[in-house]
Amino acid sequence: MVNEQVHFRTCTLCEAMCGIEVTHDGEKVLSIKGDKNDPFSQGYICPKATALQDLHEDPDRLRKPIERTAEGWKELSWPEALDKVATGIQSLQKQHGQNALGIYLGNPNVHNMGSMLTTKHLLASLKSRSRFSATSIDQLPHHIVSMHLFGHMLRIPVPDVNRTQHMLIIGGNPLASNGSIMTAANMRQKLKDIKGRDGKVVVIDPRRTETAEAASEHHFIRPATDVLLLLAMLNEIYAQGYVNQNKAINNRAAALAVDIEQLESFAQGYSAENVAAITGIQAAEIKRLVKEFCQAESAVCYGRMGVSVQEFGLLSQYLIMVINLVTGRLDEVGGLMFPKPALDIVNNTGPGYLAKRHSRVNKLPDFNGDYPVVAMADEMLTAGEGQLKGFINVAGNPVLSTPNGNKLDQGLAQLDFMVSVDYFINETSRHAHIILPPVSPLERDHYDVTFNGFAVHNVAKYSPALFKKKPDEMHDWQITLELAKRLDKKASVGTKVERWLTKTFGPKFLLGQGLKRGPYPQVSMKALKQQVHGIDLGPLGSMLPAGLKHKDKKIDLNIDFYKADLARVAEVFKHYNDDQLLLIGRRHVRSNNSWLHNSQRLVKGKSRCTLMLHPDTAAQQGIVHGQSVKVSSRVGSIEIEAQVTDELMPGIVSIPHGWGHGRKGVRQRIAQAHAGVSLNDLTDDTLIDKLCGNAAVNGVPVRLEVVSA
Ligand SMILES: Nc1nc2c(c(=O)[nH]1)N[C@H]1C(S)=C(S)[C@@H](COP(=O)(O)OP(=O)(O)OC[C@H]3O[C@@H](n4cnc5c(=O)[nH]c(N)nc54)[C@H](O)[C@@H]3O)O[C@H]1N2
Ligand SMILES: Nc1nc2c(c(=O)[nH]1)N[C@H]1C(S)=C(S)[C@@H](COP(=O)(O)OP(=O)(O)OC[C@H]3O[C@@H](n4cnc5c(=O)[nH]c(N)nc54)[C@H](O)[C@@H]3O)O[C@H]1N2
Ligand code: SF4
Ligand SMILES: [Mo]
């Protein structure tokens, strides 16, 4: 007889925070389904949820620390491994200086409660300024815009999708990604609902994506020209008289921006007619887009990865914000609104800062103490004082996820000491001297520290670990605390007490403390433990001006900073070559960046790692469907199968990121059997958004060549 039990928790694989119902027998997962009683996701899950089981059971997932030796990988006990790591770090820093040890924090850290609440101890104990994270190949522009305008890098407004009548999506594909900087489960239904209440969904994307198919309207745009479209839109908003006409509605939030009238001339010269040819969107269409956006009862303009990780990502995200602001869509129902999470991340962290320091080799600005990821390889490969000789990689796979992965591969290969905190021997951790593997997501307590802060509806949910971890396994937060203890013996008494309390009671102790300081008296640990499906805290509410973190409670438009970037816009587009083939990325609902390809049910079927291109482009290049094509960029080349489809705009090609598991030494057998090639062997570490150092992986110039008939 199977002793069937049911456990409710939140899926931690992407940002959507779906509630799952896990049936198990105390030791093994029997099934994973959507939790119909979860107030946030109401039963929705995507195909990845079941990968939580695959990950948990994966025989390739490391259960013990391992060390690389001349005879291959060798298992270590935890105390031995932690001691070796601490000694390795100490001797490296002693010999080469504190900053010779770099650290990279990858994306899964933000999905991990323990890591979110304790990584600060690891960072403090390393005392190194050489910090990097996935933020600078992702949402960095969002943080900077929010820091400037609202006074805090995490005071980020999200689309009120549940109530909007008009959603303009620029460079986001929530039907594949399940949404980003917009935590919203079941976007397919939400977009359907907008249309169902006579609203409209408009998508601007170089590819007719899953989201575009589900939208009311889709426009192709040439990659990395969004800044021109947005400038023209801002101009049109004034030209069509929407700012003045709507004074009554738009002035509540807009009145908080002291120098708002200066926005009228911000985009001078960028008319719809002037940008039509380069963007590929006709002037009359741009004018209509603006008119419909402004006339809608409620509306929101939302831009995501397609806009964030390109040459003008920061300026584009700024323009998206000001377009919402001047049209009266900020902090209004159905517009762009601020979430109010039970664990108040804004009031528990610093506001952020930009360009306090610059990286040694490329002089790129830091943000909040992190240098851009594009700087990492040069910091390893360029000799001189401060050269990176050691590296800690926590929950990241930058060889596959950052531009010019081959160069980083070389940099990592020549390090004196490298540590990975990771489940797998993958493209990055294969360079490590020691790998420290944490427990699986089903073995840890969870409360979504990060994504409740971006949720389109306020909720709170806590799930204890489903399975108790084995005595010889460690949590990420335990690894962190153990390393901090060994490396930072001189920490202050306060820090030592906090570390001891965390070690003794687990990160849920910190969560409980945080909730007590939060805005909802009804959300306590006790209440969360009783309400296993989560607590509904209601729709998003208006938050301004109280929610502004600037002392004067005003929105600071920082116009001069952004206006200065217009010179670069003019320069780049002065001699624009619209014949150049451009490369963009792509996500698929059954992938998750680089690390879920070892789940058979997620990789089965036809290869998804293909080069998509339009039939006209294929014909021009002499390429037919299914052929092997060599794609080359400034930094490298890869061979990949052509998939001819009119989903793509002519002149644009698309390859998904996160593949390329054929590198020597990887030990993820299913992923290796579906290796694919890495998009980031083509993306260029010198192609960046110069305003902030964010990587520009969309709009990379490439050439094509047929390899086989
Ligand atoms: N060209 C191109 N490149 C991109 C993107 C793109 O759109 N195009 N997208 C970018 C984006 S948005 C992101 S966020 C980055 C992601 O970049 P990274 O964060 O560098 O890479 P991931 O593929 O998420 O790898 C996560 C690693 O963490 C491990 N892991 C998973 N969960 C845990 C955990 O709980 N603890 C620990 N210790 N390890 C864990 C996995 O085994 C895996 O090795 O990639 C970026 N790269
Ligand atoms: N299934 C799945 N879900 C995921 C992930 C995953 O890898 N797989 N990754 C997670 C992570 S870490 C993140 S950050 C989010 C990202 O979430 P999204 O931003 O929604 O994801 P993308 O699919 O990268 O969407 C970017 C879109 O921009 C388009 N695009 C490319 N270049 C341009 C351009 O120059 N202009 C415009 N207008 N559009 C452009 C692309 O065609 C694509 O449709 O997804 C998360 N969810
Ligand atoms: S959409 Fe995201 S959170 Fe929801 S089940 Fe899929 S991976 Fe998990
Ligand atoms: Mo991301």
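We count ligands from 1, going down the list as the structure has it; atoms in each ligand are counted the same way. Note that the structure is a prediction, hence the values are computed from the model and not measured. Only heavy atoms go into these numbers, but all of them, side chains included; no hydrogens, no water, no symmetry mates.
- Proximity to H588 (heavy-atom distance under 4.0 Å) selects the following atoms of ligand 2: 1 (N), 2 (C), 8 (N).
- Taking a heavy-atom cut-off of under 4.0 Å, ligand 1 is surrounded by Y104, G106, N107, P108, N112, I137, D138, M305, A395, G396, N397, P398, S401, V421, D422, Y423, F424, N426, P438, R444, D476, R587, N593, S594, W595, H657, L679, N680, V697.
- Near I170, with a cut-off below 4.0 Å to any heavy atom, the atoms of ligand 2 are 38 (N).
- The aromatic ring centres of H56 and F467 sit less than 6.0 Å apart.
- The contact set between ligand 2 and N173, taken as ligand atoms under 4.0 Å from a residue heavy atom, comprises 18 (P), 20 (O), 23 (O), 25 (O), 44 (O).
- The shortest N/O to N/O separation between I221 and ligand 2 does not fall below 3.5 Å.
- Near P223, meaning under 4.0 Å from one of its heavy atoms, ligand 2 places the atoms 34 (C), 35 (O).
- Residue V589 approaches ligand 2 through these ligand atoms, each under 4.0 Å from one of its heavy atoms: 1 (N).
- Under a 4.0 Å heavy-atom criterion, G699 is not in contact with ligand 2.
- Here the side chain of H614 pairs no donor or acceptor atom with the backbone of M649 at under 3.5 angstrom.
- On a distance-only criterion, C14 and ligand 2 share no N/O pair closer than 3.5 Å.
- Those atoms of ligand 2 that come under 4.0 Å of a heavy atom in A224, given as number and element, are 34 (C), 35 (O).
- For E217, the salt bridge (charged side-chain N to carboxylate O under 4.0 Å, His left out) partners at least two apart in sequence or on another chain are K200, R288.
- Taking a cut-off of under 4.0 Å to the non-hydrogen atoms of T209, the atoms of ligand 2 that pass are 44 (O).
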